[in-house]
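Below is one structure, written out as structure tokens, with a few remarks after it.
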Amino acid sequence: MTSPTANNVPAAIFDLDGVLTDTAELHYQSWLVIAGQLGVPFDRQRNEALRGVSRMQSLDLMLGDHVDEFTPEQKIDLAARKNEEYNRLVRQMTPADLFPGARELLTGLRAAGLPTALASSSKNGVIVVDQLQLRPLLDVIVDGNDAPKSKPDPQVFLLAADRLGKTPDRCVVVEDAEAGVEAAQRAGMRVIGIGPASRVGRADMFV
């Protein structure tokens, strides 16, 4: 039986893209390939709007003014092609692609007895975790396959908390995207924002 003291220990829940590793860059490069094939304007500034949202929502945002030119079936095909390109890049990832300090932080949390979880809207979260060899440092992994409602819906964070056996008020989320910050706050969790205040300024604190 878990003691009341253990139940009161806070948990840390991490987003993946842009927090532990720069998969955001891989997503950008993948969307850039598709946009180039379609002749649709796309650049890093437009890519910022794709942070933390689902693949199909990202496709609509990438297509922009051209979104109505494609049938639902064509969109599904485009999203699949993007995912194939992304997975090709992911399979080239190694533990060296972790952000500086990420492994040390997760190791320190584990040593301190704080449970940790990954909560990502990406359906490739498990693949990335394995490429980075992070599985031993995470108690729970939740990605878009488990929680189909993408951020800012709080589903992915609530599911992570549930699997950790924690109430939302005992969880601290680390996020880099506005949609993720909103999702965590809607889940009733405190949020540390990674990145400029203009993007994560609604977080409880930012670094």
Side-chain angles (χ1 to χ4, degrees), residues 1-24 27 50-54 57 98-130 132-207:
M1 180 181 294
T2 305
S3 69
T5 301
N7 282 333
N8 199 43
V9 172
I13 302 178
F14 291 85
D15 177 43
L16 178 62
D17 301 348
V19 171
L20 296 177
T21 188
D22 195 14
T23 45
H27 282 295
L50 277 55
R51 286 180 178 267
V53 301
S54 71
Q57 288 175 307
L98 275 169
F99 281 147
R103 185 175 299 277
E104 291 79 4
L105 174 58
L106 290 170
T107 301
L109 291 171
R110 167 122 326 175
L114 273 65
T116 57
L118 180 88
S120 171
S121 291
S122 169
K123 290 187 176 182
N124 302 294
V126 172
I127 299 172
V128 176
V129 164
D130 286 340
L132 298 174
Q133 299 178 17
L134 284 182
R135 195 180 286 263
L137 298 176
L138 295 165
D139 296 291
V140 166
I141 300 171
V142 180
D143 68 8
N145 296 296
D146 306 296
K149 296 179 181 177
S150 66
K151 304 167 187 176
D153 190 284
Q155 183 185 50
V156 68
F157 291 126
L158 292 172
L159 183 56
D162 181 66
R163 290 183 177 178
L164 286 168
K166 299 294 179 181
T167 56
D169 64 296
R170 299 306 298 159
C171 298
V172 176
V173 171
V174 184
E175 259 287 355
D176 77 313
E178 182 179 2
V181 170
E182 181 181 344
Q185 290 176 334
R186 288 173 62 184
M189 302 175 184
R190 287 167 291 178
V191 194
I192 298 172
I194 304 294
S198 60
R199 191 173 73 222
V200 295
R202 294 177 59 192
D204 296 289
M205 65 174 290
F206 66 92
V207 294

Original post:
Does any N or O in the side chain of Asp153 come within less than 3.5 Å of the main-chain N or O of Ser150, such that one atom is a donor and the other an acceptor?
Top reply: no
Original post:
Val174 versus Ile194: any side-chain heavy-atom pair under 4.5 Å?
Top reply: yes
Subject >> Qualifying residue, where the test is side chain to side chain contact (heavy atoms under 4.5 Å, CB included) with Arg103 and the options are Leu105, Thr107, Leu106 >> reply: Thr107
Subject >> CA sep, side-chain torsions, deciding dist, call: Thr116, Leu137, side-chain contact (heavy atoms from CB on, under 4.5 Å) >> reply: CA-CA 8 Å; Thr116 57; Leu137 298 176; 5.7 Å; no
Subject >> Shortest non-hydrogen contact from Ala184 toward Val191 >> reply: CB-CG2, 3.4 Å
Original post:
Out of curiosity, Leu132 CG to Phe99 CZ, how far, rounded to the nearest 0.5 Å?
Top reply: 10.5 Å
Original post:
Do the charged groups of Asp139 and Arg110 touch, with an N to O distance under 4.0 Å?
Top reply: yes
Original post:
Out of Leu138, Thr21, Asp143, which residue meets the side chain to side chain contact (heavy atoms under 4.5 Å, CB included) rule with Val129?
Top reply: Leu138
**OP:** Quick one: closest heavy-atom pair of Pro154 and Ala183, and the distance?
**Re:** CB-O, 3.4 Å
Subject >> Ile13 side chain near Met189 side chain, heavy-atom distance below 4.5 Å >> reply: yes
Original post:
Would you find a donor on one side and an acceptor on the other, under 3.5 Å apart, between the side chain of Arg186 and the backbone of Pro152?
Top reply: yes
Original post:
Can you name the closest pair of heavy atoms from Gly125 and Leu16 and give their distance?
Top reply: CA-CD2, 4.0 Å
**OP:** Let me see the working for Val181 and Arg199 under side-chain contact (heavy atoms from CB on, under 4.5 Å), right down to the final yes or no.
**Re:** CA-CA 9 Å; Val181 170; Arg199 191 173 73 222; over 6 Å; no
Original post:
Can you name the closest pair of heavy atoms from Ala11 and Leu164 and give their distance?
Top reply: CB-CD1, 3.8 Å
Subject >> Validation row: Leu118, Leu20 side chains within 4.5 angstrom (heavy atoms) >> reply: yes
Subject >> Option among Glu182, Glu175, Gln57, Glu178 that satisfies the side-chain hydrogen bond (donor to acceptor under 3.5 Å, both in side chains) test with Lys151 >> reply: Glu175
**OP:** Would you check if Ser122 and Asp17 make a side-chain contact, meaning some heavy-atom pair closer than 4.5 Å?
**Re:** yes
Subject >> Leu98 and Leu134, any side-chain heavy atoms less than 4.5 Å apart >> reply: yes
Subject >> Distance in Å, Lys149 NZ paired with Ser121 OG, rounded so as to fall on 0.5 Å steps >> reply: 13.0 Å
Original post:
Quick one: does Lys166's side chain have a donor or acceptor within less than 3.5 Å of a partner on Val9's backbone?
Top reply: yes
Original post:
Within the side chain of Arg170, is there an N or O that forms a donor-acceptor pair under 3.5 Å with the backbone of Asn8?
Top reply: yes
Subject >> Atom pair NZ/CG of Lys123 and Asp146 - distance to nearest 0.5 Å >> reply: 11.0 Å
Original post:
What heavy-atom pair brings Leu158 and Pro168 nearest, and what distance separates the two atoms?
Top reply: CD2-CG, 3.9 Å
**OP:** Indicate the atoms forming the closest heavy-atom contact of Val142 with Ala147, along with that distance.
**Re:** CG1-CB, 4.3 Å
